[in-house]
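Counting starts at 1 for both ligands and their atoms, following the listed order.
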Amino acid sequence: MAERLGVAIVGVGGAVATTAIAGIEMIKAGSNSLDGLPLADRDVAGMVAYRNMEFGGWDLADESLGTLALRHGVIGEKELADGAAALNDMRAWKAAGSTGYCANIDGSNKMATGHRAAIRQIQDDLRRFTEEKQLDRVVVVNLASTERVPHADDAALQSRAAFEQGLDSDDAAISPAMLYAYAAIDAGTPYANFTPSVAADAAPLAELARIRGVPVAGKDGKTGQTMMKTVLAPALKARALHVDGWFSTNILGNRDGLALNDKDSLQSKLNTKGTVLDSILGYPVEDHLVHIHYYRPRGDDKEAWDNIDVTGFLGQRMQIKVNFLCKDSILAAPLVIEIARVLDLAKSRGDGGVQEQLSSFFKAPMVKNGHGPEHDFGKQQTMLLDWLGVN
Ligand SMILES: NC(=O)c1ccc[n+]([C@@H]2O[C@H](COP(=O)([O-])OP(=O)(O)OC[C@H]3O[C@@H](n4cnc5c(N)ncnc54)[C@H](O)[C@@H]3O)[C@@H](O)[C@H]2O)c1
């Protein structure tokens, strides 16, 4: 019988999660094609089929996923009637959340407090999900709202032993995102972080994943503006067009935008967005500005503008303008699906620790051995196809 993969999503009621689930359910029902899925035309031995994926997960919101999806406005009544009806019968498991880490987002669907109790609960949920859906394997993907940046010098984040003590004492330095990541890694379940929050990249958790041989990847999905940046910057470098400045701005009106409307959550996003350019070009772009604005009328239809000032031959100056009118979740959902399939394949191949071959999917790719991440989209794509064995 074909292998069945469970995807347990942190933030399962969100716009990206419900779009991913709807897309797969509609593939099963025959009302969605494989268009827009980056690895659909690659025949990779051992990679789970899209129609053999099952979903579940945690959220602070206590409504059916169908109701939540309608509110996000990405899929509508038509999709719910046309294959994605399964969302109406799905509800999120109780979540570990903290307004101390995500000021603008709260909800009633919370598990009992206490770090150790939360981890036990998350691991119980994974076991129950596996049994109920008769799954062969499970992966966990973080699609929850962006948390504030933790204080890097907090004692609990300095070593594995200190982290364990922090779990015992409910140390506030340990965020909800870290609890989910710890629970997954400790259960031997592959884990990916599609958000900018600090999770499996916290030093004690990255070390735990390495020692236990559990595949992990992150962080912050590279979907729109940053994807374009990492495609354009290598070309500008190759043509010796010096980047004098790069002004990037975004408007978005979904709940992700609301979460980022808190300055501390926003800082997490700016941190992951800010690093790619200098690393690709090999020199600092002093005037690299990135702005994100919550603008409700646009909902999930994010608009990104980029103005790039470059200097070429004979010192002549030129400008490039990029205007990406995208659909945030429509870009993100297929990446989440592919990340889950590749992470699962890594587990089947016995490939543990950080999965660098997934770099093309992330704004701030995690790396294994302390070297700088590869941001160049073309090189990242080659890395992925080489690892898959289809290049
Ligand atoms: N293109 C994209 O959409 C894109 C790109 C890169 C990264 N991301 C990141 O992906 C994440 C999801 O984006 P979205 O547009 O679906 O956001 P969303 O606000 O629609 O969904 C987030 C969900 O997480 C839930 N949540 C918050 N804290 C939680 C917790 N502690 N435990 C469980 N659930 C929790 C919320 O209730 C909400 O349902 C965000 O962090 C976003 O920054 C999105």
*Let me see the working for Asn323 and Glu303 under side-chain hydrogen bond (donor to acceptor under 3.5 Å, both in side chains), right down to the final yes or no.*
CA-CA 7 Å; Asn323 187 190; Glu303 180 161 0; 3.1 Å; yes
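- Of the candidates Gly224, Pro176, Cys326, Ala144, the one placing a heavy atom closest to atom 40 (C) of ligand 1 is Ala144.
- Taking any N or O of Thr195, backbone or side chain, none lies under 3.5 Å from an N or O belonging to ligand 1.
- Close approach to Ala15 involves these atoms of ligand 1, each under 4.0 Å from a residue heavy atom: 15 (O), 16 (O), 18 (P), 20 (O), 21 (O).
- Identified under the side-chain hydrogen bond (donor to acceptor under 3.5 Å, both in side chains) test for residues 36-46, with sequence neighbours left out: none.
- Heavy-atom proximity to Ala95, at under 4.0 Å, picks out these atoms of ligand 1: 32 (N), 33 (C).
- Not one N or O on the side chain of Arg160 forms a donor-acceptor pair closer than 3.5 Å with the backbone of Leu208.
- For ligand 1 and Tyr180, the ligand atoms under 4.0 Å from any heavy atom of the residue are 32 (N), 33 (C).
- Using a cut-off of 4.0 Å between Lys/Arg side-chain N and Asp/Glu carboxylate O, Asp125 and Lys94 are scored as not salt-bridged.
- Checked by distance only, ligand 1 and Asp220 stay at 3.5 Å or farther apart across all their nitrogen or oxygen atoms.
- The two residues Trp305 and Ile251 have their closest heavy-atom pair at CH2-CD1, 4.1 Å.
- The backbone N or O of Val243 sits nowhere less than 3.5 Å from a side-chain atom of Asp309 that would complete a donor-acceptor pair.
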*Derivation of the side-chain hydrogen bond (donor to acceptor under 3.5 Å, both in side chains) call for Ser359 and Glu374*: CA-CA 7 Å; Ser359 294; Glu374 179 55 72; over 6 Å; no
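- Taking a cutoff of 4.0 Å between a charged side-chain nitrogen and a carboxylate oxygen, Asp344 and Arg341 do not qualify as a salt bridge.
- Looking at Gly221 next to ligand 1, no N or O pair under 3.5 Å apart turns up.
- When only modelled atom types and interatomic distance are considered, Glu164 and Tyr182 share a side-chain donor-acceptor pair under 3.5 Å.
- Atoms of ligand 1 lying under 4.0 Å from any heavy atom of Ala96, numbered from 1 in the order shown and given with element: 30 (C), 31 (N), 32 (N).
- For the pair Tyr101 and ligand 1, no heavy-atom separation below 4.0 Å is found.
- For the pair Asp59 and ligand 1, the shortest N or O to N or O distance falls below 3.5 Å.
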*Kindly determine whether Leu39 and Leu384 satisfy side-chain contact (heavy atoms from CB on, under 4.5 Å), including the steps that lead there.*
CA-CA 10 Å; Leu39 298 176; Leu384 175 63; 4.2 Å; yes
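- Which parts of ligand 1 touch Thr223 is read off a 4.0 Å heavy-atom cut-off, strictly below it: atoms 1 (N), 5 (C).
- No part of Ala92 comes within 4.0 Å of ligand 1, judged by heavy-atom distances.
- Counting heavy atoms closer than 4.0 Å to ligand 1, residue Ser145 contributes atoms from both its backbone and its side chain.
- Of all the heavy atoms of Lys363, the ones lying under 4.0 Å from any atom of ligand 1 belong exclusively to the side chain.
- When only interatomic distances are considered, the shortest N/O to N/O separation between Ser329 and ligand 1 does not fall below 3.5 Å.
- Checked by distance only, ligand 1 and Ala17 stay at 3.5 Å or farther apart across all their nitrogen or oxygen atoms.
- Listed by number with element, the atoms of ligand 1 under 4.0 Å from a non-hydrogen atom of Gly97 are 31 (N).
- For a threshold of 3.5 Å applied to N or O pairs, the pair formed by Glu147 and ligand 1 contains no separation below that value.
- Only one option out of Gln121, Met111, Arg128 pairs with Trp93 in a side-chain contact (heavy atoms from CB on, under 4.5 Å); it is Arg128.
- Within the 4.0 Å heavy-atom shell around ligand 1 one finds Leu60.
- Close approach of ligand 1 to Val10 (heavy-atom distance below 4.0 Å) involves ligand atoms 32 (N), 33 (C).
- Residue Ala332 has no N or O atom closer than 3.5 Å to an N or O atom of ligand 1.
- In this structure, Lys222 has no heavy atom closer than 4.0 Å to ligand 1.
- Under the rule for a side-chain hydrogen bond (donor to acceptor under 3.5 Å, both in side chains), the partners of Lys28 that lie at least two apart in sequence or sit in another chain are Glu25, Glu54.
- For ligand 1 and Gly13, the ligand atoms under 4.0 Å from any heavy atom of the residue are 39 (O).
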_With side-chain contact (heavy atoms from CB on, under 4.5 Å) as the criterion, how do Asn142 and Phe194 come out once you've worked through the C-alpha distance, each side chain's angles and the decisive distance to 0.1 Å?_
CA-CA 6 Å; Asn142 182 11; Phe194 201 77; 6.0 Å; no
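- Using a cutoff of 4.0 Å between basic side-chain nitrogens and carboxylate oxygens, Glu356 and Lys368 are not scored as salt-bridged.
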